[in-house]
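Note: hydrogens, waters and symmetry copies are ignored here, and every other heavy atom, side chains too, is used. Just so it is clear: chains get the letters A, B, ... in the order the sequence lines come, proteins before strands, and each one is counted from 1.
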2 protein chains.
Amino acid sequence: MTWTAEVVVQLKPVVNDPQGLVVRDGLRRLGFDGVHGVRVGKHIEIEVDAASEAVCRDAVASMCEKLLRNPVIEDARIIGVRANAEAAT
Amino acid sequence: MTWTAEVVVQLKPVVNDPQGLVVRDGLRRLGFDGVHGVRVGKHIEIEVDAASEAVCRDAVASMCEKLLRNPVIEDARIIGVRANAEAAT
């Protein structure tokens, strides 16, 4: 069975985010005065074979630790896992 | 009132995603053979003042159109809006 997992990799709150500051300033310059802060992270969508949702979540958590996040400065969280429709046979 | 909105900006499905291909190949090389595909996008967290959740969603949708996404190659969606706890006064 195939699953699609969505992972968000974000800088830890204590880490400075210059890209976010630039986006914040850009939004303010466009007239969005109510913007206090912006943090920019990565959204990674992974299509993966797994026997069950639990197996899929375990595999994706392991991918985060081994490749997707830099544990010194980033946090990763799985925000969703959905089963893909099977192709008709 | 302050809200935190989460936006995901992704390449449209028809647009080639070389970064995703590199991550896919990296995961396979690490032994995750079941990975079929990876798409890498941006996750943007915006802290913004708004009178209500609906006003906040409208403002963030407008930010997406004016700055956050490139309408030629990217789609944007708001994946969540939450109210921030008010600071004690």
Item checked: Inter-chain contacts: residues 23-36 of chain B against chain A, heavy atoms under 4.5 Å -> B:V23, B:G26, B:L27, B:L30, B:F32, B:G34, B:V35, B:H36

Margin query: Please tell me whether A:V60 and A:M1 are part of a single hydrophobic cluster in this structure, the criterion being side-chain heavy atoms less than 4.5 Å apart.
Written below: yes

Next item on the list: Keeping to residues at least two apart or across chains, list the side-chain hydrogen bond (donor to acceptor under 3.5 Å, both in side chains) pairs with something in residues 51-60 of chain A.
Entry: A:E53-A:R57

Margin query: According to a hydrophobic-cluster definition based on side-chain heavy atoms being under 4.5 Å apart (Ile, Leu, Val, Met, Phe, Trp, Tyr only), do B:V55 and B:I78 belong together?
Written below: no

Notebook entry, point to check: Does NZ in B:K66 sit with more than 12 non-hydrogen atoms of other residues, nucleotides or ligands closer than 6.0 Å?
Noted result: no

Note to self: Side-chain heavy atoms nearer than 4.5 Å, only ILVMFWY residues, links allowed to pass through others: does that put B:L11 and B:L21 together?
What the structure shows: no

Notebook entry, point to check: What part of B:T4 is in contact with chain A, defined as an atom under 4.5 angstrom from a non-hydrogen atom: side chain, backbone, both or neither?
Noted result: neither

Notebook entry, point to check: Do you know which of B:I44, B:I79, B:V9, B:V8 has the most heavy-atom pairs with chain A at a distance under 4.5 angstrom?
Noted result: B:V8

Margin query: Counting heavy-atom pairs under 4.5 Å with chain A, which one of B:K42, B:Q10, B:M63 comes out on top?
Written below: B:M63

Next item on the list: Considering only heavy atoms and a distance below 4.5 Å, find which of B:Q19, B:E47, B:E6 pairs most often with chain A.
Entry: B:E47

Checklist line | Max heavy-atom pair count under 4.5 Å with chain B, selected residue of A:V7, A:V48, A:V40, A:L68 | finding: A:V48

